[in-house]
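Each chain gets a letter, A, B and so on, in the order its sequence line appears, and its residues count up from 1. This structure is a prediction, so every number in the text was calculated from the model and none was measured.
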Amino acid sequence: MEVGIVSYGAYVPRFRIAPQEIGRVWGTDGEAMGKGLMISSKSVPAPDEDVVTISIEAARSMMRRCDVSPKDIGALYVGSESHPYAVKPSGTIVAEAIEASPNMTIADIEFACKAGTAGIQMCMGLVGSGMVRYGVAIGADTSQGAPGDALEFSASAGGAAYLIGSENVIARINGTYSFTTDTPDFWRREGQPYPSHGGRFTGEPAYFKHVTSCSIGLMERMGTKPSDYTYAVFHQPNGKFPTRVAKQLGFNDKQIEYGLLTPQIGNTYSGAVPLGLAAILDNTVPGDRVFAIAYGSGAGCDGFDITVTENMAKYRRDAGPTVKQLMEKTKFIDYATYAKYRGKIRMKEGGE
Amino acid sequence: MTTARFWRDNATRYNLIATKCGNCGKVTFPPRNVCPVCHRKSMGKMEKIHLSGHGEVYSFSVVYDAPLAFEMQKPYVIAIIKMAEGVMLTAQIIDCECCEVAIGMKVKATLRKIGEEGPGGVIHYGYKFVPA
Amino acid sequence: MREVAIVGIGITKFGETWEMSFREIGIQAGLMAMQDAKLTAEDIDALYVGNMSAGRYIEQEHIAALIADYSGLARDHIPATRVEAAGASGGLAVRQAYMAVASGMHDIIVVGGAEKMTDVGDAASNAIQSSAADQQWESVFGATSPSLHAMIARRHMFQYGTTREQIAQVAVKNHRHGALNPNAQFQKEIDLKTVLRSGMVADPLGVFDCAPISDGAAAVILCPMDMARKYTDAPIRILASAQASDTLALHSRSDICTFEATKFAAMNAYRQAGIASKDVQIAEVHDDFTISEILAIEDLGFFEKGQGGKATEDGQTAIGGSIAINTSGGLKARGDPLGATGVAQIVELVQQLRGQAGKRQVGGAKYALAQNVGGTGATAVVHILGVQ
Ligand SMILES: [Zn+2]
C-alpha cells in the first residue's frame, strides 16, 4: 500500500525577538551569539498561544487544503516537549477543534525535538496496516530557554500538522528509518520550568552522530545518494548544525535552502523538521524527492525518503498559509515584552 | 471547580456552533432551544449550524483595567463582532495593534487560550478574532 | 390597587466606610427612615432588602433576615426578603414593596438597599460587578463592565457623532451636583480636562467616566396613601412603578445604543402616571458610566436619540437646565453601592419633592423620575414620584 502525506498545514506565531535584544539584557554580545548560532531572530508565542493552539492552527490549515472528512481520521498524535498539561492530552483538544473525535485514538508524544516525526511513523503504521483510514501527526512546541542561558537565543515556537493516508497522497513516503541510542544531551525533569543541556556534549556525540548515522542508514536502505534528492531538511537547533551536517553528508546549500528556517524563526523543537518539510512542500512540484531527518535529544533520529506525486499539482495549497507567508507576518518585541509573554514575570496569584 | 461549566460549551467555543430557526431562519449564538422571534413555533426546529468565522467589528474597546485572569494580556481589544450570518458575539481581537482596530474592520475567527483556572487549573480555549 | 406613599427616608453617607460593617450601614439607613416616619418597630409589617452580591462581597447570604435581626425586628418575625437584579436590586426592592402595599398584602414596609464593597480588593470588586454581564459568553472572553459600556460609548459616537467631550461632561456635571450633596462620596467639582486626562479603564472611558466602588445604604418607608398622614405631613406619592428586561448579553441586541428595557419601563411608567416625559422636572438616572446617563436621558424620552451628549454639553441636564438630571451627584459622585443605589435615587427624589434638598434644591418640581439599571440594561426599573 502506498502511504504518504495527504495534506499538511503550518503555523508560526508572529512575534520575533532578535539575539541582540536578548544579549543586551544579559550583557552578552548578542550580535556575535546570533552569528555563531546563525539565528537572526526567533519566534515568540503570544501569551494566549500554546502547543494546543499552534497545533489547531496547523491542523485546521491542513484540513482546509483537502477534502478529507474529519470523521475519517482514526488517529491523532501531538508530539511536543511543551504540552500545556503534564497530564491530560493536547490531542483531544485538537481533535475536538477539527471535529474529528470521538471515533479515534489519540495520544501525546514526547521525544524532545522528534516527537512530531515519531507521530508520522505511527500514523504510517496504522494506515499501512489498514487499522485507520487517515492519521494526523503534529509536531509543535513553545519551547523555553532559561533566562540568560544560551538556549534563550534559539528556543522558539511553531508547528506543523500532517495528514497521513493512502488515498490522494501528495507526497509518498518511500521509506522511513530511525537511529536511536541512550544519550542524555538535553533533558527537563518533571516540574522544572526550563530544560537543562550538556553544553558541547549536545554536538558531536549527540546531534552529529545521530543525524549522520540516520542519514547514511536511510540512504543505504533506499539505495540513494544525496544527489538523488531535490531537497533535504535536517533538524535545526540553530542554523549552524544542519548546515554543517548537510555539507558533511554531501548535500549542497541549494538542497537545504527551503527547509532551513531556524535562522529566521529559531529552534521550534518538535516543530522544526515538520515546519522545514512544510516549507519544502510549499515549493515542490510532482517528481521532487525530499530527504528529511529529525533529531530528538535523548537521543534519536527519524529519517524519511519522500517523493512528491502528481496529486501535488492540483493540491489546494492556497487554502492555508504557506510557511513563507507565516514567516513574513512578524512583529519584533523587546525583552520586557518577551519576558511578559513567556510568563517570566511573576504575577500576583489568586488575589481576591 | 468550574471545569464542567466550561467543558459543556467547548464545542460551541471551539467551532462557533450556532442555531438556525427552522421557522423564521434567524441565527442565534450561542445555540438556543427556542427562537427569540418565533418562541413555541420554533420548538424542535432549532438546527445546529457552523458560523463561517467571518465577520466585522460592530464596536470595540481596549481594556486597560483588566480582571486578574487577563492581567498578562493587557491592554487587549474586546469587541462585539457582527458575523456574516447576522448574529453578534463578544470576543477579543488579536494579532494586530490596538490602534488598527476600527468599527467595520473585517475579521475572522481563530482559536486561542481564553483563560485558565489558575496556574494548576484547567485551561480554557475558545474563539478570538484576527484581521481578515 | 391601593395608592402608595413614601413616608420616611434614610441614607448613610456613601463612600469608603472602613469602620462600619455591612450590617451596621444596613440598619443605620433603616433606623433613619423609621425615625423620619416616626415609626416604631411594632408598626412594621415587612422588610425588603435590595442587594447585589453580599455573598461575594462579605461571604454572607441570607442578608434580609440579618438586617431584620440587627434592626431589632427578629422578635416580631416579620417577613424579610432580599431582592437581586444586579445594579437594579435597590429599585426592584422598592418595586416589590410597592406591589405588596398596593395589593393590600402589607401596610407598612421598610425597603432597604445596601452594599459593602470595600471589604474586598478593587480587582475582586470589578469581577463581582462584571458578573452582571453574561459570564459564559461575555466575561469569559475578557469583557468587563467598563469595556461593555465603552463599546456602547464608541458605537454612540460612531452612530450619532457624540463626542468624547460630551460624554465627559456627564461626569463634570454630576460632580458639580455631588459637591452640593453632604451624603455624596465625592463632594468636589472637577473640570473637563480632569475627566479626559484620567487613567484609561476601557477605551474610550477613563477612571472619571466610571462610578466608584462604594459602601452605603439607603432606606424608604412605604405605606398606603390613606394612612400616610399619620406618619408625615409631606407624603410623596408613587405614581408609577415599572420594570422591564432585555437580553443579558449586550451583543444579543440589534442596537446597543438604546436600552430597550429602559424604554419599555418608561413607557409603562408614563402611562401608569398619566404623564409624558416632558412633564418630568427631576430625574435620578443610572449613570454607572458617563455614557449610561446619555443613553438614559434619550431612552426616557427627555431628549431625541443621539442628542443626549449635546444636551449635556449645553447644560440642559444640570440644575437650572430644562431637566435636572442626577441632582444627588448620581452614581458617579454620590457613589454606587450597587444594591443601595436604586433606593438612594428614591431618597433623593423624595428630598427634592419635599423641598429638603438644600443647596441642590430644584424649585417647583411636581414630577420626579428614577431609572435604575442592572448590568448593561438587561433590567430596568422606573419609578415616577409626585407631590401629594
Ligand atoms: Zn424563529
Side-chain angles (χ1 to χ4, degrees), chain A residues 11-15 45-61 63-64 70 83-90 92-102 142 191 193 320-321 326 329-331 333 337-352, chain B residues 3 6-17 48-54 63 65-78 91-100 108-132:
Chain A
Y11 183 75
V12 181
R14 76 178 180 123
F15 296 110
D48 58 1
E49 290 184 302
D50 61 16
V51 162
V52 168
T53 64
I54 289 170
S55 298
I56 290 170
E57 287 280 359
R60 283 183 170 170
S61 171
M63 293 307 286
R64 275 197 299 272
H83 289 288
Y85 290 94
V87 178
K88 199 233 159 283
S90 305
T92 53
I93 308 166
V94 179
E96 196 80 30
I98 60 168
E99 300 186 296
S101 46
T142 56
L326 290 163
K329 206 182 95 181
T330 60
K331 185 195 174 189
I333 54 176
T337 307
Y338 165 75
K340 174 180 163 185
Y341 285 1
R342 297 307 283 132
K344 293 175 201 278
I345 295 176
R346 204 161 151 189
M347 301 294 281
K348 195 167 67 182
E349 277 172 30
E352 285 217 347
Chain B
T3 306
F6 284 89
W7 163 79
R8 218 168 278 133
D9 294 321
N10 276 354
T12 306
R13 275 201 288 264
Y14 291 177
N15 285 304
L16 290 164
I17 311 286
K48 291 227 163 152
I49 60 159
H50 283 83
L51 297 181
S52 65
H54 289 273
V63 180
D65 192 1
L68 274 179
F70 293 84
E71 285 268 286
M72 199 50 107
Q73 293 174 40
K74 74 183 183 188
Y76 60 87
V77 180
I78 190 85
Q92 282 187 29
I93 296 176
I94 50 165
D95 270 16
C96 64
E97 303 308 309
C98 293
C99 57
E100 292 166 17
K108 63 172 196 248
T110 185
L111 189 143
R112 294 286 180 97
K113 256 166 81 165
I114 55 170
E116 60 184 26
E117 293 175 19
V122 163
I123 303 165
H124 303 306
Y125 297 91
Y127 48 81
K128 291 191 180 184
F129 285 75
V130 296

>> Would you say that B:T110 contacts B:I94 through its side chain, given a criterion of any heavy-atom pair below 4.5 Å between the two side chains?
In response: yes

> Heavy-atom distance under 4.5 Å between the side chains of B:R13 and B:I114, does that happen here?
Replying inline: yes

> Would you say the side chain of A:K344 lies within less than 4.5 Å of the side chain of A:Y338, judging by non-hydrogen atoms?
Replying inline: yes

>> Donor-acceptor check, side chain of B:Q73 to backbone of B:F70, threshold 3.5 angstrom: yes or no?
In response: no

> Does A:R342 reach the side chain of A:T142, with side-chain heavy atoms less than 4.5 Å apart?
Replying inline: yes

> With no hydrogens and no angle check, is any side-chain donor or acceptor of A:Y11 less than 3.5 Å from a backbone partner on A:T53?
Replying inline: no

> Is it the backbone or the side chain of B:H124 that comes under 4.5 Å from a heavy atom of chain A, or both, or neither?
Replying inline: neither

> Is it the side chain or the backbone of B:I17 that comes within 4.5 Å of chain A heavy atoms, both, or neither?
Replying inline: side chain

> Which residues, numbered in order, of residues 125-132 of chain B come under 4.5 angstrom of chain A by heavy-atom distance?
Replying inline: B:Y125, B:K128

> For chain A, which of B:G115, B:C96, B:A11, B:A69 has the most heavy-atom pairs under 4.5 Å?
Replying inline: B:C96

> How would you list, by chain and number, every residue that makes a salt bridge (charged side-chain N to carboxylate O under 4.0 Å, His left out) with A:K331, sequence neighbours excluded?
Replying inline: B:E97

> Hey, is NZ on B:K74 packed in by over 12 heavy atoms from elsewhere, all under 6.0 Å?
Replying inline: yes

> Among A:I345, A:D50, A:I54, who wins on heavy-atom pairs under 4.5 Å with chain B?
Replying inline: A:D50

>> I'd like to verify something: which residue of A:E57, A:K329, A:K88 has the highest number of heavy-atom pairs under 4.5 Å with chain B?
In response: A:E57

> Within a strict 4.5 Å, meaning less than it, do heavy atoms of the A:M63 and A:E99 side chains meet?
Replying inline: no

> Hey, which of B:K113, B:E116, B:R112 has the most heavy atom pairs under 4.5 Å with chain A?
Replying inline: B:R112

> Is chain B contacted by the side chain of A:A97, its backbone, both, or neither, given a heavy-atom distance below 4.5 Å?
Replying inline: both

>> Would you say that A:I333 contacts A:Y341 through its side chain, given a criterion of any heavy-atom pair below 4.5 Å between the two side chains?
In response: yes

>> Which atoms of A:Y85 are under 4.5 Å from chain B, going by heavy atoms: the side chain, the backbone, both sets, or neither?
In response: side chain

> Side chain, backbone, both or neither: which part of B:N10 has a non-hydrogen atom closer than 4.5 Å to chain A?
Replying inline: neither

